[in-house]
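The next block holds one structure in the form of structure tokens; read it before the comments.
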Amino acid sequence: MADAFALLPKTREFLDRPSTMLIGEQWSAGEQGQTMALLNPATGNHLIDVPRGTQHDVDRAVQQARHAFDQSSWSTTRPRERQNLLLKLADLLERDADVLAELECLNNGKSVQMARAVDIQLCIDFFRYMAGWATKIHGTVVSPSLPLMPDDQFHGYIAREPVGVVGAIVAWNFPLLLACWKVGPALATGCTVVLKPADETPLTALKLAELALEAGYPPGVLNVITGIGAEVGAALAAHPDIDKLTFTGSTAVGKLIGKAAMDSMTRVTLELGGKSPTIVLDDMDPVEAAIGAANAIFFNQGQVCSAGSRLYVQRKQYDRVMAEISNIANNMKLGNGLDSSVDMGPLISAKQQARVSGYIDMGRELGADIACGGTAEGPGFFVRPTLITGLDQASPLVQEEIFGPVLVAQPFDDIEDAVRMANDNPYGLGASIWSNNLKQVHRMIPRIKAGSVWVNCHTALDPTLPFGGHKMSGVGREMGEAAIEYYTERKSVLIRI
Ligand code: NAD
């Protein structure tokens, strides 16, 4: 459990009662009453048991979501009401923000402060932003010509309608935030949702469902099914009564979801993996660049889809930037996220710790220099922040997503090299350029194949800016006006008058 740290009474109360999933208005232990154990990544100890849902539970949840969309009045609810409900839900998230942050810490390992300041705050801000969109979704009036019917007059317009029942499947690295990026636009547009949180991190999704009922959402508008990806996730992805699938996770599973969606022509958006470059030009202050590059990779233990996991530094500053990053990494204190003095928490699981350690070992075998870190620590699933140099561009450590606190750095000589190396990777989620040479930076931005380019910052997210990937990083966008696009269908209407 929470071990030596005191928890808020509401967090304690949430953990002490039997965990159930939300199907319609019913809190359910699942058809078979089976459970699965969650561990606290900071200790490796048992945290709580949650229901292990089944195909039957998914069927019931989709049925409830379908009923709420078609038979109840949710899909035709007035925009003002959808706006007010989302604002209410944001207020409730804010009220319980500290509890949500503690649950995220216990379940995922990230620090309470980070969870409160980043994950939960972004959820609150995003719901408020999406609440604004609810009243601003509108179609277009067009002037049709129809030359074959010269004697008639026409009124043409394009209406925007909610896409329908949404199946949402998310990863464990930002459990509530990833869920809110899907639930927010769905609720703003009048869709209903069946949400499948990651196997490892369902707690804040269950709390969100509780708050949605408290806010006054009609039963069935938001359903949450916990369980195993290959069981309930796959059942949701293949369900014939889902109108849109939205997935955040690995590229390997994303491909399965995409194929399942194509079989039934279900709308689909995929937010997948990344191997994002951080590019430092030689005009940049090396200390500022090192702090930026270290944050870009070590934030959230490197478990960030857009983490700056490849670092390219122009030759003049290379040695100094490496030394500064090693210094930052060596001084980072690892520990339980409930301890406010800690800089870095554990990875999500023993499996992830072994995966990340495996890549570090591979680097050693390939003759790389482990400039700092390179070790796993326990109890709990810790890996020390690691900087690896001396590998070339073709190395698996440069090409593949490691998803941990491991930075692989290379020097470059001119801008052409930097752009070529930044793009020489299967992924295309984000990239950052560190320079005050605006002319140079503006020339580079259009050449970088990534959904987001940050200048003198990295993974700086805002509700107004769409987020998503090029290449193997996915299909579609979340956040911004773009999100609304993916939760609505266009209907063309032509009236002969
Ligand atoms: P994952 O693909 O293993 O799991 C993601 C989700 O899919 C989980 O809910 C899981 O239960 C479910 N799932 C697993 N197998 C399934 C199946 N056969 N059918 C249906 N659902 C299934 O990914 P992960 O390990 O949880 O997360 C890490 C990955 O997520 C990384 O690759 C990371 O880059 C990516 N990610 C991307 C973004 C983004 O916005 N692009 C954000 C966060 C994480």
Side-chain angles (χ1 to χ4, degrees), residues 36 38 50 52-53 55 58 107-108 110 118-119 122 126 167-182 194-202 205 224-239 242 245-261 263 266 268-276 297 299-309 347-349 351-356 400-404 425-430 450-452 459 461 465-479 482-483 486:
M36 54 188 205
L38 305 184
V50 294
R52 177 171 172 167
Q55 162 97 49
V58 171
N107 198 180
N108 166 282
K110 65 181 70 197
V118 179
D119 299 54
L122 284 176
F126 184 61
I169 302 174
V170 295
W172 43 257
N173 54 334
F174 292 90
L176 185 63
L177 184 58
L178 299 180
C180 288
W181 282 355
K182 299 176 185 317
V194 178
L195 169 65
K196 209 299 273 169
D199 312 17
E200 300 85 349
T201 54
V224 177
I225 300 288
T226 57
I228 307 286
E231 297 171 5
V232 286
L236 193 57
H239 202 290
I242 293 281
L245 284 165
T246 170
F247 172 80
T248 299
S250 63
T251 298
V253 176
K255 287 182 188 177
L256 298 177
I257 305 280
K259 285 173 189 159
D263 278 345
T266 302
V268 64
T269 42
L270 303 169
E271 295 289 336
L272 308 178
K275 189 76 180 178
S276 299
I297 181 64
F299 168 62
N300 212 43
Q301 293 69 251
Q303 302 169 130
V304 180
C305 49
S306 55
S309 48
L347 303 191
I348 186 69
S349 61
K351 186 175 151 205
Q352 190 66 10
Q353 187 189 36
R355 173 189 158 86
V356 173
E400 296 171 17
E401 184 181 47
I402 298 174
F403 220 54
N425 191 273
Y427 296 105
L429 193 54
S452 298
T459 311
L461 304 180
L465 288 163
F467 185 73
H470 289 203
K471 303 193 278 184
M472 298 305 260
S473 291
V475 176
R477 292 290 181 274
E478 292 192 312
M479 300 204 285
Y486 288 101

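First listed ligand is number 1; within each ligand, the first listed atom is number 1. Computation of the quantities below employed the complete heavy-atom set of this structure, encompassing side-chain atoms and omitting hydrogens, waters and symmetry-equivalent molecules.
- For atom 1 (P) of ligand 1, a protein non-hydrogen atom is found at a distance below 4.0 Å.
- Heavy atoms from both the backbone and the side chain of A234 come within less than 4.0 Å of ligand 1.
- Ring geometry for W181 versus F126: interplanar angle over 60°, hence perpendicular rather than tilted (30 to 60°).
- Looking only at heavy atoms of the protein, atom 11 (O) of ligand 1 is closest to D199 OD1, 2.4 Å.
- Counting only heavy atoms of the protein, atom 18 (N) of ligand 1 lies nearest to L256 CD1, 3.8 Å.
- Within the 3.5 Å criterion, the main-chain N or O of G273 finds a donor-acceptor partner in the side chain of S473.
- Screening T226, L178, I169, N107 for a side-chain contact (heavy atoms from CB on, under 4.5 Å) with P197, the sole residue that qualifies is T226.
- In terms of protein heavy atoms, atom 13 (N) of ligand 1 is closest to G229 CA, 3.4 Å.
- Residue, atom and distance of the protein heavy atom nearest to atom 6 (C) of ligand 1 are V170 O, 3.4 Å.
- The CG atom of L245 sits 11.0 Å away from atom NE2 of H239, with the distance rounded to the nearest 0.5 Å.
- Remark: Y427 engages no residue in a ring pair (Phe, Tyr, Trp, His ring centres under 6.0 Å) (not counting sequence neighbours).
- Only the side chain of N173 comes within 4.0 Å of ligand 1, counting heavy atoms alone; its backbone N, CA, C and O stay farther away.
- Annotation: K196 places an N or O atom under 3.5 Å from an N or O atom of ligand 1; distance criterion only.
- Counting heavy atoms from C-beta on, the side chains of Q352 and W172 come closer than 4.5 Å.
- I228 has its side chain within reach of M36: a pair of non-hydrogen atoms, C-beta onward, lies under 4.5 Å apart.
- Residue-ligand proximity, I257 to ligand 1, at heavy-atom distances under 4.0 Å covers atoms 20 (C), 21 (N).
- Every heavy atom of G468 sits 4.0 Å or more from the atoms of ligand 1.
- If you check which protein heavy atom lies closest to atom 39 (C) of ligand 1, you get C305 SG, 3.3 Å.
- No hydrogens or angles considered: nothing links the side chains of N425 and K275 as a donor-acceptor pair under 3.5 Å.
- Counting heavy atoms closer than 4.0 Å to ligand 1, residue P197 contributes backbone atoms (N, CA, C, O) but none from C-beta onward.
- Under a 4.0 Å criterion applied to the non-hydrogen atoms of G273, ligand 1 contributes the atoms 32 (O), 34 (O).
- In this structure, atom 28 (C) of ligand 1 lies nearest to the protein heavy atom F403 CE2, 3.5 Å.
- A distance-only check finds no donor-acceptor pair linking the side chain of D119 to the backbone of L177 [under 3.5 Å].
- Considering only non-hydrogen protein atoms, atom 34 (O) of ligand 1 sits nearest to E401 OE2, 2.6 Å.
- Remark: the S276 side chain and the S306 side chain contain no N/O donor-acceptor pair separated by less than 3.5 Å.
- Neither the backbone nor the side chain of F174 comes within 4.0 Å of ligand 1, counting heavy atoms alone.
- Atom CE of M479 has more than 12 neighbouring heavy atoms from other residues, nucleotides or ligands inside a 6.0 Å radius.
- Using a 4.5 Å heavy-atom cutoff, the side chains of I348 and N108 are in contact.
- Residue contacts with ligand 1 include F247, since one of its heavy atoms falls under 4.0 Å from the ligand.
- At the top of the distance list for atom 35 (C) of ligand 1, counting protein heavy atoms only, stands G249 O, 3.2 Å.
- Atoms of ligand 1 lying under 4.0 Å from at least one heavy atom of G233, given by number and element, are 19 (N), 20 (C), 21 (N).
- For the pair S250 and ligand 1, the shortest N or O to N or O distance falls below 3.5 Å.
- Between W181 and ligand 1, no N or O atom pair is found at a separation short of 3.5 Å.
- Salt-bridge formation is not detected for the pair E271/R477: no Lys NZ or Arg NE/NH1/NH2 atom is positioned less than 4.0 Å from an Asp or Glu carboxylate oxygen.
- For T248, heavy-atom contacts with ligand 1 shorter than 4.0 Å involve the backbone as well as the side chain.
- Within the 4.0 Å heavy-atom shell around ligand 1 one does not find G474.
- Considering both main-chain and side-chain atoms, V253 never comes within under 3.5 Å of ligand 1 through any nitrogen or oxygen pair.
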